[in-house]
Amino acid sequence: MTAAHVRGCLACRDWQSSAQVAVRRIRLTSLNLDHDLTDVVLSGLPKPASVPSLQRLLLLLIGIAQLAITVPLLLLGHDSEGTRHVAHELGSFDLALAVAFVVGALRPRLSSGLAWPCGFAAAGLLATALIDIGLGETPGIDELQHGVAVIGAALLFWGARASARVEAPRFQSLAHAS
């Protein structure tokens with residue numbers, strides 16, 4: 001509303017005056033709720049989706065398999081082609097993947113934060129394995145272990161997607177609570 005219109009329109013002046021009175025009353029009086037709305041508000045929040053138990057079981061098994069790949073590298077300190085130092089570094093990297101897979105299985109809501117880093121790590125392992133096989137620098141059988149990381153990352157993405165599916169908030173019920 002423009003000021004000129006309000007000056008010339010009796011209905012708008014009456015509406016503006018009643019709105020000013022209402023605002024003044026609200027500001028001068030303490031507006032307290034006479035009942036607790038906690039349950040109504042909480043019931044309107046989205047419900048967390050459950051991650052399929054098959055995905056969680058498979059991810060836990062993949063985490064254990066990744067750990068089995070890791071232990072020889074860390075404890076024995078050698079792999080089929082590298083030095084002790086390279087084996088320790090690869091073992092530390094594999095241990096991080098194993099922990100991420102187990103955590104994703106036990107705490108599925110964390111999968112969305114774990115999926116992308118593990119996905120990039122698995123993609124890097126797969127890409128370098130394919131390049132090295134293509135150049136004849138390693139036999140393909142030695143690189144099969146990286147499939148565990150690829151499967152684990154895929155399962156993390158599955159868990160992340162399942163965790164992201166939630167019901168739409170139902171805030172309409174708040175209007176009926178008063």
Quiz item: Which pairs, with at least one residue in residues 95-108 and sequence neighbours excluded, count as a side chain to side chain donor-acceptor pair (under 3.5 Å)?
Solution: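 Non-adjacent pairs meeting side chain to side chain donor-acceptor pair (under 3.5 Å): zero.
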Practice problem: Determine which pairs satisfy side chain to side chain donor-acceptor pair (under 3.5 Å) with at least one residue from residues 120-136, sequence neighbours left out, and list them in order. | Solution: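 Residue pairs passing side chain to side chain donor-acceptor pair (under 3.5 Å), neighbours aside: none found.
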Distance from [X] atom [atom1] to [Y] atom [atom2], nearest 0.5 Å?
X	Y	atom1	atom2	value
W158	S111	CH2	OG	11.5 Å
L75	H88	CG	NE2	8.0 Å
W15	L10	CH2	CG	14.5 Å
I131	T138	CD1	OG1	13.0 Å

For [X], all residues meeting side chain to side chain contact (heavy atoms under 4.5 Å, CB included), sequence neighbours excluded:
X	value
I151	I62, L155
I64	L60
A154	none
A121	F93, L97

Quiz item: In terms of hydrophobic clusters joined by side-chain contacts under 4.5 Å, are V99 and F157 together?
Solution: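 Per the 4.5 Å side-chain linkage, V99 and F157 are not co-clustered.
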Quiz item: Are L59 and V103 co-members of a hydrophobic cluster defined by side-chain heavy atoms under 4.5 Å apart?
Solution: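 Same cluster: V103 reaches L59 through Ile, Leu, Val, Met, Phe, Trp or Tyr contacts under 4.5 Å.
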Quiz item: Linking Ile, Leu, Val, Met, Phe, Trp and Tyr by side-chain heavy atoms under 4.5 Å, what else ends up with I141?
Solution: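 L144, which link up through side-chain heavy atoms under 4.5 Å apart, make up the rest of the cluster.
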Exercise. Each residue besides L126 in its hydrophobic cluster should be listed here, by chain and number; the cluster joins Ile, Leu, Val, Met, Phe, Trp and Tyr at side-chain heavy-atom distances under 4.5 Å.
Key: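 Reading the cluster by chain and number, L126 sits alongside L130, V150.
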Quiz item: Considering the options Q66, H146, Q145, which one meets the side chain to side chain donor-acceptor pair (under 3.5 Å) requirement together with D94?
Solution: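 So the option named by the test is Q66.
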Self-check item: Heavy-atom side-chain contact between R24 and V21 under 4.5 Å
Solution: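 The answer is yes, as the side chains (C-beta and beyond) meet within the 4.5 Å cut-off.
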